[in-house]
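Reviewing the structure listed below.
Along the sequence shown, residues are numbered consecutively beginning with 1.
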Amino acid sequence: MGLSDRCTGALPRTDTLCRAIVCECARRHFRGVLADFESGSPSDRLAFLTRLAGALSARGMRLCCPAALPADGATLLIGTGISGGSLRILLEENINRYGAARLALDLERVRMDFPLPCPSGCGTPLTHAELLALRQKHSASAYFSRELMANYFTYPTENGTHFVLFDDTETLRQKVRLAQSLGIREAFIMYPEVADILPELGRW
C-alpha cells in the first residue's frame, strides 16, 4: 500500500489510523506499506510511523519510509535523485548509520533543469518530451556524472547557463549496481516515472 502525507496539521486518532491501515493491508493481502512522507512534515509523523511499523510487523508485514523519518523497525528509503555531492558517499553514510540490511533505494528518475549557479539545488522538473526538445534545440551532447550517477548537458540562455540532469535506463541500472555492491539489496521505483522504459527495466 502506498501512503502519502498531504495534510499540514497533526495526525488525528493515530491509533485508529494505524489499525485501519493494517486491516486494509491484511484484507487486500498486501505485503506492507510504503510511506511517501515529506521530511518537512510535523514532528508527530515519526511517532506515527514507528507505531505503524510495529503494528505491521506484528501481522507479518513491513513499513518502508524515508530515511529522513527513521521510524524504528522500518526499512529506510534513500532517494537517488541528488543534484549535488556524491551518491556513493550518501549511501555509505547511511549504511554506516543504519546498516545496509535496513536500507532500500528510492530510485528516482531525475529530469531537472537548473540555472547556474543554483544555491538551492532545486531545479525545474521536465517531462520526457521537454527534455528531448531541449536537447534537440541546443544540439546538446550528454555526459555521465560519476558522482551523481546521472547524465547531464548544459545549454546557454540570455541570462546564463543551464544545467540539465537526467536519468535513463543505464543510469538507473548503475545506481542499482552501486547499491548492490554496498550491500543494499532492494529498490523501489514509481511506475509513472518509468512507463516509457518499463520493458527495458524488466530485463534487470
Side-chain angles (χ1 to χ4, degrees), residues 4-10 34-46 49 64-71 76-98 103-179 181-182 184 187-190 192-194 197:
S4 64
D5 176 29
R6 296 180 181 175
C7 62
T8 57
L34 193 155
D36 185 21
F37 281 22
E38 299 293 334
S39 59
S41 297
S43 58
D44 67 336
R45 271 39 173 188
L46 179 57
L49 291 173
C64 300
C65 64
L69 291 166
L76 304 181
L77 302 173
I78 309 299
T80 63
I82 61 173
S83 59
S86 163
L87 181 59
R88 174 180 287 274
I89 291 175
L90 175 66
L91 295 179
E92 289 175 343
E93 288 175 346
N94 280 278
I95 288 169
N96 290 336
R97 185 171 184 180
Y98 300 112
L103 302 179
L105 290 190
D106 177 6
L107 196 61
E108 302 162 300
R109 187 182 183 185
V110 175
R111 285 178 295 206
M112 198 78 69
D113 185 341
F114 302 86
L116 294 179
C118 186
S120 70
C122 297
T124 302
L126 298 171
T127 65
H128 184 61
E130 288 170 338
L131 174 66
L132 293 179
L134 270 178
R135 287 195 67 184
Q136 183 175 16
K137 178 181 178 179
H138 298 283
S139 301
S141 298
Y143 304 92
F144 177 70
S145 168
R146 293 188 177 276
E147 296 300 307
L148 304 177
M149 302 208 77
N151 295 322
Y152 70 93
F153 63 87
T154 61
Y155 68 92
T157 69
E158 292 181 358
N159 297 320
T161 301
H162 278 236
F163 173 83
V164 177
L165 191 67
F166 67 98
D167 280 308
D168 58 18
T169 307
E170 184 54 31
T171 62
L172 295 176
R173 283 192 180 119
Q174 293 215 35
K175 291 175 183 181
V176 170
R177 289 180 194 135
L178 171 62
S181 73
L182 296 173
I184 299 172
F188 292 85
I189 191 165
M190 299 298 179
E193 296 180 3
V194 296
I197 57 174

Would you name the heavy atoms of [X] and [Y] that are closest together and state the gap between them?
X      : Y      : value
Glu147 : Gly85  : CB-O, 3.5 Å
Thr80  : Leu87  : CA-CD1, 4.1 Å
Val176 : Ala187 : CG2-CB, 4.5 Å
Ala104 : Phe188 : CB-CE1, 4.0 Å
Ala150 : Asp167 : CB-OD1, 3.7 Å
Phe153 : Ala140 : CD1-CB, 3.4 Å

Do [X] and [Y] have side chains that get closer than 4.5 Å, going by heavy atoms?
X      : Y      : result
Tyr155 : Asp113 : yes
Glu170 : Phe144 : no
Leu49  : Pro70  : no
Glu108 : Lys175 : no

With rounding to the nearest 0.5 angstrom, report the [atom1] to [atom2] distance, [X] to [Y].
X      : Y      : atom1 : atom2 : value
Leu107 : Leu77  : CG    : CG    : 11.0 Å
Arg111 : Asp168 : CZ    : CG    : 11.0 Å
Thr171 : Arg173 : OG1   : CZ    : 10.0 Å
Leu76  : Asp106 : CG    : CG    : 12.0 Å
Met149 : Arg177 : CE    : CZ    : 9.0 Å
Tyr152 : Ser83  : OH    : OG    : 14.5 Å

Apply side chain to side chain contact (heavy atoms under 4.5 Å, CB included) to Phe166 and Val110, showing your working. CA-CA 5 Å; Phe166 67 98; Val110 175; 5.8 Å; no

Is the shortest distance from a Lys or Arg side-chain nitrogen in Arg88 or Glu92 to a carboxylate oxygen in the other one below 4.0 Å? yes

Residues Glu130 and Lys137 bridged, charged N to O under 4.0 Å: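 No salt bridge links Glu130 with Lys137.
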
Could you walk me through whether Leu90 and Asn94 pass side chain to side chain contact (heavy atoms under 4.5 Å, CB included), step by step? CA-CA 6 Å; Leu90 175 66; Asn94 280 278; 3.6 Å; yes

Mutual orientation of the aromatic rings belonging to Phe114 and Phe163 [parallel < 30°, tilted 30-60°, perpendicular > 60°]: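 Rings of Phe114 and Phe163: tilted, 30 to 60°.
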
Between Ile189 and Leu172, does the side chain to side chain contact (heavy atoms under 4.5 Å, CB included) criterion hold? Intermediate values first, please. CA-CA 10 Å; Ile189 191 165; Leu172 295 176; 4.1 Å; yes

Might you work through the side chain to side chain contact (heavy atoms under 4.5 Å, CB included) test for Leu105 and Leu91, ending with a clear yes or no? CA-CA 9 Å; Leu105 290 190; Leu91 295 179; 3.8 Å; yes

